[in-house]
Amino acid sequence: MLELLKLLQDGRFHSGEALGAQLGISRSAIWKQLQGLEAEFGVEVFKVPGRGYRLASPMVLLDVERISRSAPGLHWPILVRSSVDSTNAEIFRRLDAGTPAPFVLMAERQTAGRGRRGRVWASPFAENLYCSLVLRVDGGMSQVEALSLTVGLAVARALQACGVEGARLKWPNDVLVDGRKISGILLELAGDPADVCHVVIGIGINVNMTFDAPGVIDQPWTSVRQCLGRAIDRNDLAVELLLQLHDCLSVHWQHGFAGLREQWEALHAWRGRSVALTAGSNATLGVVLGVDERGAIRLNVDGVDRAFSGGELSLRLQQ
């Protein structure tokens, strides 16, 4: 079906006979595949007697060769799948099967996309960017300290390079535009945290999505398309994201988050805002001062500068 979709992605009419000839299958097989595209991926196809078939709107699929060609210095093998449960989960399966790190896996859609704390990540077909990068980490957990902040900085810089000038960072791993979420990051570890392990960096970016299924997204959100007023080619954003990740991670491995702290602070969305920091049922009220060199959030709590870090912390604005 993906090969058929590639032929249709230009948004023009194609006859069943021509499509069948190009794919080496019958017209009835083309019809069945078109039904599969609509049923499995939710891709709307117009059918006009005498003219053939075309997509409701043009679609640009992710292109491994194009992405790799545009980022030749990365040396990260890139894989693209039409559908996975989640890109992070697929990476873990490939690690278990012996695929060596590093490598990048992207998907056109996720059937069970995940955010932090088990939240659902809306993942419609061919509209957004669902990307995971796995890296081998030698020397224990200290090297991944504040890594989610480093990745967030790379995402914000990639979005800015593609025209979303208002991209800002929310501690610890969200990217916002005008207070609305445009990207989220999910880091997961595999292996021995005290020795050799792998870190899987999952990134979701709302690119061309204009609406979601009711009840899927439980917070204000936006997309690149909504910010720019037009759709963009996800391949261009994918290239920029990988290049920014490479640059930011290179600094992180050499100097830790301290080497990127000033850049992160320059894009800090909630600095000076009153917030509630929650851990389970406990909440701490304070004013955001910034982040320290280890990536902890700094709050002014009753006149005292206090730093907080931990994977289960949640930050919310106070009215």
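One is the number of the first residue; the rest follow in order along the sequence.
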[X] and [Y]: which non-hydrogen atoms are nearest, and at how many Å?
X      : Y      : result
Met209 : Trp221 : CE-CZ3, 3.6 Å
Cys131 : Thr87  : C-OG1, 3.9 Å
Gly152 : Leu169 : O-CD2, 3.2 Å

- Query: Using a distance-only test with no angle check, is there a side-chain donor-acceptor pair under 3.5 angstrom linking Arg157 and Gln263?
  - Reply: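 Their side chains do contain a donor-acceptor pair, which is all the 3.5 Å distance test asks for.
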- Message: If we count only N and O atoms by modelled type, under 3.5 Å, do the side chains of Glu127 and Asn208 hold a donor and an acceptor together?
- Response: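 Checked: Glu127/Asn208 side chains show no N/O donor-acceptor pair below 3.5 Å.
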Check [Y] with [X], please: is the shortest side-chain N to carboxylate O separation under 4.0 Å?
X      : Y      : value
Arg271 : Glu265 : yes
Arg136 : Asp138 : yes
Lys181 : Asp174 : yes
Lys47  : Glu38  : yes
Asp85  : Arg109 : no

- Query: Is Thr99 reaching over with its side chain to a backbone N or O of Leu95, donor-acceptor style, under 3.5 angstrom?
  - Reply: no
Can you check whether [X] reaches [Y] side chain to side chain, under 4.5 Å on heavy atoms?
X      : Y      : value
Tyr130 : Ile205 : no
Asn173 : Leu187 : no
Val80  : Asp63  : no

- When rounded to the nearest 0.5 angstrom, what is the spacing between CD1 in Ile203 and CE in Met106? 9.0 Å
- Task: Enter the distance from Leu313:CG to Ile297:CD1 here, rounded to the nearest 0.5 Å.
- Result: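 Taking CG in Leu313 and CD1 in Ile297, the distance rounds to 10.0 Å.
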- Task: Kindly assign one of parallel, tilted or perpendicular to the pair Phe41 and Phe125, based on the angle between their ring planes and the thresholds 30° and 60°.
- Result: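 Rings of Phe41 and Phe125: parallel, under 30°.
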- Message: Using a 6.0 Å distance limit plus a 45 degree cone around the ring axis, check whether Arg54 lies over the aromatic ring of Phe13.
- Response: yes
